[in-house]
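As structure tokens, the structure follows; a few thoughts come after it.
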Amino acid sequence: MVVLISGITGQDGYYLSKLMLKEGHQVHGIVRRNSQKTYGVLDFDEELKSKLNLYYGDVTDKSSLDSIFRQVKPNLVFHLAAQSFVQESWSNPEVTYDVNIKGTLNMLNSFREYTPEGKFYFACSSEVFGKVADEIQNEESRMWPRSPYGISKLAAYWTGINYRESYNLFVCNGILFNHESPNRGVEFVTRKISLAAAKIKLGLQKELKLGNLDAKRDWGFSGDYVRAMYLMLLHKEPDDYVVATGETHSVREFVEAAFEAVGLDYRDYVIVDPKFLRPAEVQYLRGDYSKAKRKLGWEPKVKFKELVKMMVEADLERLSG
Ligand code: NAP
Ligand code: G4F
């Protein structure tokens, strides 16, 4: 099959393109032009990059998408591109809405115009649950986003459902809970912590400034979650799915485990800095993935402690290298 991925230079784009190649598909990706020629995490894997067909485009520019859809004619479209950093969405709400809402609308319109018989995945987020009403959130749980980012993902989620219902398109929303990896962006809390633990261990950093240590997240491994995206598009009918581990841990537990992995006590290094507190916080997330398990046969493989260790060890290795 011919696969098109927006956001291919990000964390999930990396694992998804590897999976798609392994499954024998032809992989095409949309890359945003930057002032420096960069392909994000793909720059760390030249072999992978050489197997991909990459096109310059921006999801806010419909003409660029039209031209790519016309050339590629994809069977499977994974729309991952986004302004994905929640904190940033308060500083840049317009960019967040433009990229995440209008960008998704543009992708859906190009899809509808050029490949309506294909299948479309949208990267929705557990941030839509925000002020949670249930102890464990599933596809039926109340959605009450708490940030411009969460609002943008909710608008795009409904746009996807509306296109499915209005035009009979195969559109799936993956409501993914936090997922991480050694390729996670350094501004997200898990990677900020794993990198700091490794640097402090090697004497390259003295302290780690964080915000809310009591926030709880359901953290899984990106490599597991991209498999769920693929399974959604292989299913005979389009639907929306929660993808999660079913476990929740606090930021404090993550720091503790990361510092433990390098033989240090986090309390000697971590400082709470109000700069990293959010205007409105999502205090607690825990996902119920039973629908994905039942309908797709999907389950997470990597557990919390293993994930923390994987990230810290990868950072230690990179820094030592
Ligand atoms: P990421 O690492 O931040 O990657 C985002 C990607 O979007 C990058 O390739 C980025 O390109 C691209 N992009 C941003 N603006 C663009 C634009 N205007 N036009 C074209 N490309 C653009 O995010 P991720 O962690 O892989 O997540 C993938 C998707 O899943 C995102 O939509 C995110 O919101 C969603 N999601 C993530 C999680 C999670 O925990 N990771 C959970 C739920 C949902 P550059 O390299 O040029 O910046
Ligand atoms: O790592 P975070 O920035 O991720 P957040 O906000 O949960 O969003 C991520 O997961 C979403 C899925 O639920 C995705 F949709 C989204 O794209 C992104 O991938 O923050 C996690 C928690 C927050 O409660 C934050 O307040 O960690 C807390 N935190 C505490 N100190 C910090 C810090 N977050 C960051 N980024 N930096 C800190 O210093």
Side-chain angles (χ1 to χ4, degrees), residues 1-33 39-42 45 48-82 84 99-124 156-157 159-174 176 222-223 225-241 243 296:
M1 278 188 287
V2 178
V3 173
L4 177 63
I5 304 174
S6 75
I8 198 163
T9 57
Q11 171 187 252
D12 291 359
Y14 176 83
Y15 291 101
L16 182 63
S17 41
K18 279 194 120 157
L19 175 66
M20 291 300 94
L21 289 170
K22 195 164 154 235
E23 292 289 322
H25 304 313
Q26 199 187 95
V27 184
H28 302 258
I30 303 172
V31 178
R32 190 162 55 143
R33 208 200 82 84
Y39 293 93
V41 294
L42 297 177
D45 193 335
L48 171 62
K49 194 163 73 184
S50 69
K51 293 179 183 154
L52 305 172
N53 306 283
L54 302 174
Y55 308 79
Y56 279 125
D58 192 301
V59 294
T60 59
D61 180 341
K62 172 82 164 49
S63 65
S64 72
L65 301 182
D66 284 347
S67 144
I68 295 168
F69 270 83
R70 251 197 318 267
Q71 281 181 73
V72 174
K73 294 219 176 345
N75 308 106
L76 305 183
V77 178
F78 293 92
H79 173 40
L80 310 182
S84 73
V99 176
N100 297 5
I101 306 176
K102 185 147 180 281
T104 303
L105 186 66
N106 285 341
M107 284 289 292
L108 281 166
N109 279 332
S110 296
F111 171 69
R112 182 177 164 225
E113 282 159 39
Y114 297 103
T115 54
E117 67 298 334
K119 295 181 172 189
F120 189 102
Y121 170 87
F122 170 61
C124 187
Y157 162 89
T159 308
I161 293 176
N162 181 252
Y163 269 52
R164 184 164 79 209
E165 293 177 352
S166 306
Y167 307 120
N168 200 24
L169 297 172
F170 195 112
V171 177
C172 295
N173 285 305
L176 270 56
S222 171
Y225 286 32
V226 298
R227 210 164 16 87
M229 298 176 189
Y230 181 47
L231 292 173
M232 285 178 216
L233 297 197
L234 290 188
H235 200 270
K236 57 183 185 311
E237 42 188 53
D239 207 341
D240 309 317
Y241 297 90
V243 177
L296 306 176

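The first residue of the sequence shown is numbered 1, and numbering continues consecutively from there.
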Under 3.5 Å side-chain donor-acceptor pair for D45 and Y14: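 The criterion, which ignores hydrogens and geometry beyond distance, is satisfied for Y14 and D45.
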
Polar contact flag, side-chain donor to acceptor under 3.5 angstrom, Q26-H28: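 On atom types as modelled, these side chains qualify, holding a pair under 3.5 Å.
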
From CA spacing to verdict: side-chain contact (heavy atoms from CB on, under 4.5 Å), V27, K51: CA-CA 8 Å; V27 184; K51 293 179 183 154; over 6 Å; no

Can you tell if the side chain of [X] reaches within under 4.5 Å of the side chain of [Y], non-hydrogen atoms only?
{"X": "L52", "Y": "L21", "answer": "yes"}
{"X": "R112", "Y": "L169", "answer": "yes"}
{"X": "R32", "Y": "Y56", "answer": "no"}
{"X": "N109", "Y": "F111", "answer": "no"}
{"X": "M107", "Y": "I30", "answer": "yes"}

Member of V171, L80, N173, L16 meeting the side chain to side chain contact (heavy atoms under 4.5 Å, CB included) criterion with Y121: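 Single pass found, and it is L80.
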
Residue among V99, I101, L65, D66 satisfying side chain to side chain contact (heavy atoms under 4.5 Å, CB included) with N106: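 The residue from V99, I101, L65, D66 that satisfies side chain to side chain contact (heavy atoms under 4.5 Å, CB included) with N106 turns out to be L65.
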
F120/L108 under side-chain contact (heavy atoms from CB on, under 4.5 Å): CA gap, chis, key distance, verdict: CA-CA 8 Å; F120 189 102; L108 281 166; 3.7 Å; yes

Test ring-ring contact (aromatic ring centres under 6.0 Å, His included) applied to Y163 - qualifying residues, sequence neighbours left out: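 ring-ring contact (aromatic ring centres under 6.0 Å, His included) list for Y163, sorted by chain: Y167.
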
Residues forming a ring-ring contact (aromatic ring centres under 6.0 Å, His included) with F122, sequence neighbours excluded: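 For F122, the residues satisfying ring-ring contact (aromatic ring centres under 6.0 Å, His included) (neighbours in sequence not counted) are H79.
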
For S67, side chain to side chain contact (heavy atoms under 4.5 Å, CB included) partners two or more places apart: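 So S67 forms a side chain to side chain contact (heavy atoms under 4.5 Å, CB included) with R70, Q71.
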
Pair E237 + R164, salt bridge at N-O below 4.0 Å: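 Not counted as a salt bridge, because no side-chain N and carboxylate O are separated by less than 4.0 Å.
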
Sidechain N-carboxylate O distance under 4.0 Å for R33, D58: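 Salt bridge: no.
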
Check for a donor-acceptor pair, side chain of [X] on one end and backbone N or O of [Y] on the other, with a separation under 3.5 Å.
{"X": "S6", "Y": "A81", "result": "yes"}
{"X": "S64", "Y": "D61", "result": "yes"}
{"X": "D240", "Y": "G174", "result": "no"}

Looking at [X] and [Y], what are the two nearest heavy atoms and their distance?
{"X": "M232", "Y": "Y241", "result": "CG-CD1, 3.4 Å"}
{"X": "S222", "Y": "Y15", "result": "OG-CD1, 3.3 Å"}
{"X": "F69", "Y": "S110", "result": "CD1-CB, 3.5 Å"}
{"X": "L48", "Y": "S17", "result": "CD2-OG, 4.1 Å"}
{"X": "L233", "Y": "K119", "result": "O-NZ, 2.7 Å"}

H25 ring center within less than 6.0 Å of Y230 ring center: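 Ring centres of H25 and Y230 closer than 6.0 Å.
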
Chi angles and distances behind the side-chain contact (heavy atoms from CB on, under 4.5 Å) call for L54, K49: CA-CA 9 Å; L54 302 174; K49 194 163 73 184; 4.1 Å; yes

Pair V3-N75, side-chain contact (heavy atoms from CB on, under 4.5 Å): steps then yes or no: CA-CA 6 Å; V3 173; N75 308 106; over 6 Å; no

